[in-house]
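Let me begin by presenting the structure, written as structure tokens, before commenting on it.
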Amino acid sequence: MKTSFYPTDISYVVKDGKPVIQLFGRTVDGKQICVLDAFEPYFYVVGKIDVKDIEALQQDDLMVVRVEKVKKNLNEHETSALKVFVNIPKAVPVIKDLVKQLGVDVYEYDILFTRRYLIDKGIVPLTLTEVDGEEVPAQLKVPCIKAKKIVPKEDKVLQPKMLAVDIETYNPVREVNPSKHPILMIGLYGKDFSRVITWKKFPTKEKYVEFVQSEADCLQRFVELVAQYAPDFLVGYFSDGFDFPFIHERARINKVKLDLGLDFSELEIVGRTQKEAKITGISHIDIFKFIRKVIARSMKTDVYTLDAVSGELLGEKKHVVAKELLFKAWDDNEGLEEYCKYNLQDCVLTYKLTEKLLPNLTEFVRIVCLPPFDIVRMTFSTFVEWYLMNQAVKRNEIVPNRPGRMEEMNRMSDRIKGAFVFEPKPGFYENLVVFDYRSLYPSIIASHNISKGTLNCKCCGDPKMETERGTFWFCGKQKGLFSIVISDLILRRAEIKKQLKTSKDPLLAARSEALKVLANSFYGYMGFPPGRYYCIECAESTTAWARHYIHKAIDAAKQSGFTVLYSDTDSLFVLLENKSKDDALALMEKINKDLPGMMELDYEGFYPAGIFVSLRAGDSGAKKKYALLDEQGNFKIRGFETVRRNWSFIAKDVQKKVLEIILKEHDAPKAKSFVRQVVEDLRKNKIPLDKVVIHTALSKAIAGYANVGPHVAAAQKMEAKGLEVGAGTIIKYVVIRGKGLIRDKVKLADEASQDEYDGEYYVQNQIIPGVERIFAVLGIGVDDLTKNTRQSSLGNF
DNA sequence: TTGTGGCGGGG
DNA sequence: GTGTACGCCACAA
């Protein structure tokens, strides 16, 4: 009988001395199943040795089953190897040590059994798979099929059934302590399903609230409801680090069995430093981990609280309630309904976030070919590595070993020379054109065949590249693994981008993004010390070629009569002066004609005006600090770190307005008089109070601060008023007039009045630092902005 | 400049 | 579990 299903999770058991893979998933008609498949553990041996010597190896009940002679490639060169099969997975590390003692090399002895299975069978989680086999009885919560044959079927993906979970705990002090404090409520949210289980009764009309007798009952009911809902994904926010470890400990204390696993196994917390909560057959997705690792780089926020992340990605926030007073509400049984609402809303947000990011998660699962549980918890280097390993196996390559401790230490001391930066002269410029190399590092790796196995080959030697650590070249006859794999990624992405022009499918967009991110991670991976495919010569060559090509573009621009203003890594800023945009495009064509393979210089844009500022007045470099104005009137601002959260609105407003006047109107005197007006208004307390409020988030508990800065002083005042203040609390304060230290002059925002704020403080510490460097470029000093001289002029520029 | 310790997220 | 763990920042030396 043939069954089509989407695998979601994988594990294995040893039955009658033989390992059996358990592949959990959901069938096309929506039923959960488990597929059982026999699979043999093995590893490779390379070296001169008698097969009989290996066959004889045994230790207790761990033994070699058989040995096969195979043809493989090692570091991209042909070799003969022995494939050593052992009886159970646990035997691999033991037997490989025995083999190693015989003086030969061993490989692929640390690839997890379940992952080995996925690679070898080419099974892609979340993707339609067909199993041929009969149903067999088994001790599981779901029907079991014993596989005769299992193959990937169609390029269709699962819409997983998801359940979000969140807990609230009794928390009288600022400390998380599951051994002392009980769980008060557990929230669940899924499709057409809302529930908050709690064990103190109060009157309510909300249907989602369910009362039970005790904390133990609450935990018990949680287990029942999860089983009833039968999710593919159980989702939480920081649930590896908080919710599940807490639930686990409370269940232990209350003697409740958390047999959530589809094989009746209990929730398991593994790992010392980075905890992971595992449930057999159900994928526990800690969406926080995925967001911080994969999505974070494309987000604006710099804090990853559920509130901030939901706000940005969903436009929805947490339910507002005094969380730190929950223990009191519980003791007095007053206002608990609000906390239930809060609990449920956290689940809703967690659910929606996962729903939104599902295309991204799914694409990483499909590219890297690992279960969602693993993908959510992996870093980029492991993504690249796992992808390479998959490709290596497909190409009959033996996967290199990870470095030993010593080797890794040696690698860590190796630093490579970075990218080329041509620093601009600070100043105001008109009519700039920006070019950049499209995917510079990936395209160099692809075009120059940069790979561990093609490094300094014996058969050819061009072109050579001189680097800091020697002369390197890459084979011109045989394509290397890195280069093949990265070319494939680039081509696949180009194909998807074509499709995206006529389609808005979020899966396609996510796939394109995933491919890009993966390709961009290759360069970093080559210099990643714990990597299996570590190749410092490859990384060094990549940056050396990058410098070569950017210099080439700079030279070509100069030769065509352009003034080169600025260049960093892969981009080039030139001034048009008396030339046209067409001249710039012609220059680009000329440069592109000589580029090898997949390399290409792109026209990034034309900017009517731009300003480059220096780090400090007098400093020559203006690296990565500029503001450009495009033809639509939008700003492109880089490196102005002055616009920060903990600045007052007036400081941000003034900086923005000054850039606008200078770039759009080219009117320095106007910008100057604007600032002077603000300075005067501040000194006369004419700027509204809410514009001078400073917002700062407390990074830790008040007691943790050794020296009391202004925001800490303000926090102390809040505490004195009886408000709960801790890490993460946003402190809003105003600096008022007076003598002494700043911290003695702070007032809470809602207690200060319009006429008492210290205008001079704002001028010196908020306004001036934000615009000082911009004016320095125009030859206008701080005194010109703040001193009370009515007359001072500067010609138009 | 390099090295180390703590913390993020959650309540 | 055929395992090994991050990455950034503040602060010190």
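Given the structure is predicted, the values throughout are model-derived calculations rather than measurements. Quick note: numbers below take in every heavy atom, side chains included, and nothing from hydrogens, waters or symmetry partners. So you know, we letter chains A, B, ... as the sequences are listed, proteins then strands, and number each from 1.
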Note: [X]-[Y] ion pair, threshold 4.0 Å (strictly below):
X: A:Glu337; Y: A:Lys341; result: no
X: A:Glu40; Y: A:Arg66; result: yes
X: A:Asp110; Y: A:Arg532; result: yes
X: A:Asp286; Y: A:Arg377; result: no

Q: Assert yes or no for the condition that the ring centre distance of A:Tyr342 to A:Tyr339 is strictly below 6.0 Å.
A: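 No, they do not, as the ring centres are separated by 6.0 Å or more.
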Whole-Å distance separating the [atom1] atom of [X] from the [atom2] atom of [N]:
X: A:Glu249; N: B:dG10; atom1: CD; atom2: P; value: 21 Å
X: A:Leu326; N: B:dG10; atom1: CG; atom2: P; value: 16 Å
X: A:Ile247; N: B:dG11; atom1: CD1; atom2: C1'; value: 13 Å
X: A:Lys293; N: B:dG9; atom1: NZ; atom2: P; value: 14 Å
X: A:Asp166; N: B:dG9; atom1: CG; atom2: C1'; value: 12 Å
X: A:Tyr237; N: B:dG8; atom1: OH; atom2: P; value: 13 Å
X: A:Asp346; N: B:dG10; atom1: CG; atom2: P; value: 8 Å
X: A:Leu306; N: B:dG9; atom1: CG; atom2: C1'; value: 10 Å

Considering only [options], which nucleotide approaches the side chain of [X] most closely?
X: A:Arg405; options: C:dA5, B:dG11, B:dG8; value: C:dA5
X: A:Val176; options: B:dG9, B:dG10, C:dT2; value: B:dG10
X: A:Asn171; options: C:dT2, C:dA5, B:dG11; value: B:dG11
X: A:Tyr109; options: B:dG11, B:dG9, C:dT2; value: C:dT2
X: A:Phe242; options: B:dG11, C:dT2, C:dC6; value: B:dG11
X: A:Phe238; options: B:dG10, C:dT2, C:dA5; value: B:dG10

Q: Test for a donor-acceptor pair under 3.5 Å between the base of B:dG9 and the side chain of A:Arg292, counting only N and O atoms.
A: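 Not at all, since no donor on one side and acceptor on the other fall under 3.5 Å apart.
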Would you classify [X] as touching base, sugar-phosphate or nothing, given that sugar-phosphate means primed atoms plus P, OP1 and OP2, and contacts are heavy atoms under 4.0 Å?
X: A:Ile167; result: sugar-phosphate
X: A:Tyr342; result: sugar-phosphate
X: A:Phe246; result: nothing
X: A:Arg377; result: nothing
X: A:Lys318; result: sugar-phosphate

Q) If you measure from the P atom in C:dC8 to the same atom in B:dG9, how many Å do you get, rounded? A)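 To the nearest whole Å, 14 Å.
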Taking OP1 and OP2 of [N], is either one under 4.0 Å from a side-chain nitrogen or oxygen of [X]?
X: A:Tyr117; N: C:dT2; answer: no
X: A:Tyr339; N: B:dG11; answer: no
X: A:Lys323; N: B:dG11; answer: yes
X: A:Lys289; N: C:dA5; answer: no

**Q.** Toward the 5' end of DNA chain C, by each residue's nearest nucleotide, A:Gln274 or A:Asp374
**A.**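 Counting from the 5' end, the first nearest nucleotide belongs to A:Asp374.
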Q: With A:Asp240 as reference, evaluate A:Arg292, A:Lys289, A:Lys275 under the salt bridge (Lys or Arg N to Asp or Glu O under 4.0 Å) test and give the passing residue.
A: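 Filter result, single survivor: A:Lys289.
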